[in-house]
**Q** 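Before anything else, here's the structure in question.
Naming: A, B, ... by sequence-line order, numbering from 1 per chain.
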Amino acid sequence: MDETLREFFNDVYEITRQIPRGKVLTYGRIAALAGRPQHARWVGRAMAQSPDDKTLPCHRVVNSAGQTAPGWTEQRTLLENEGVTFRPNGHVDMKKHLWEILSADEVTS
DNA sequence: GTTTTGACGCTAC
DNA sequence: AGTAGCGCCAAAA
């Protein structure tokens, strides 16, 4: 694994850790924030392999469709417990819960 | 070295 | 809304 890639992983973990309670972030968005927009899949792999950091809130990470990870039904429960609303079909209400790194204060006017 | 795979994303239908 | 196809990149086989 290249040094740059390891750095990317580290950034991904750091960003994920900063997701506030009741908010979610997409793989692609995280990848972009980490500087590698094309490595969205790698973000997922980073979570799948679970780093040493057990406190990593990877359950707040969903794909662009707002769907939770396959094979991980618990994720939905965790998010609901944090106040994230799920649609009947199993999608997250991104419109409300998608976390924006740019302080929402400036976005709202 | 080549082929398949994957906690994905986007566009098109 | 849901499905399908193509693109992307690195690891695993």
**Q** Look at the side chain of A/K23 and the backbone N and O of A/V84, then say whether any donor-acceptor pair between them is shorter than 3.5 Å.
**A** no
**Q** Counting distance only, does the side-chain N/O of A/Q75 pair as donor-acceptor with the main-chain N or O of A/V61 below 3.5 Å?
**A** yes
**Q** Round to a whole Å and report the spacing from NE2 of A/H39 to P of C/dG7.
**A** 18 Å
**Q** How close or far is atom C1' of C/dA11 from atom CE of A/M47, stated in whole angstroms?
**A** 17 Å
**Q** Round to a whole Å and report the spacing from NZ of A/K95 to P of C/dA1.
**A** 11 Å
**Q** Side chains of A/R29 and A/I15: closer than 4.5 Å at any heavy-atom pair?
**A** no
**Q** Give a yes/no answer on whether the side chain of A/R87 brings an N or O atom under 4.0 Å of OP1 or OP2 in C/dA1.
**A** yes
**Q** Write down the distance between CD (A/E74) and P (B/dA7), rounded to a whole number of angstrom.
**A** 17 Å
**Q** Using atom types as modelled and distance alone, determine if a side-chain donor or acceptor of A/H97 lies under 3.5 Å from a backbone N or O of A/T85.
**A** yes
**Q** Give A/A69 one of three labels, base, sugar-phosphate or nothing, depending on what nucleic acid heavy atoms sit under 4.0 Å from its own.
**A** base
**Q** CH2 of A/W42 versus C1' of B/dG9: gap in Å, rounded?
**A** 16 Å
**Q** Within the modelled atom types, does a donor on one side and an acceptor on the other bring the side chain of A/R41 and the base of C/dC8 under 3.5 Å apart?
**A** yes
**Q** Starting from the 5' end of DNA chain C, give me the residue, A/R45 or A/Q38, whose nearest nucleotide shows up first.
**A** A/Q38
**Q** Without decimals, in angstroms, what is the distance between A/H91 NE2 and C/dA1 C1'?
**A** 9 Å
**Q** Over how many whole Å does the gap from A/Q67 atom CD to B/dA7 atom C1' extend?
**A** 11 Å
**Q** In whole Å, what is the span from the CD atom of A/Q49 to the P atom of B/dA7?
**A** 10 Å
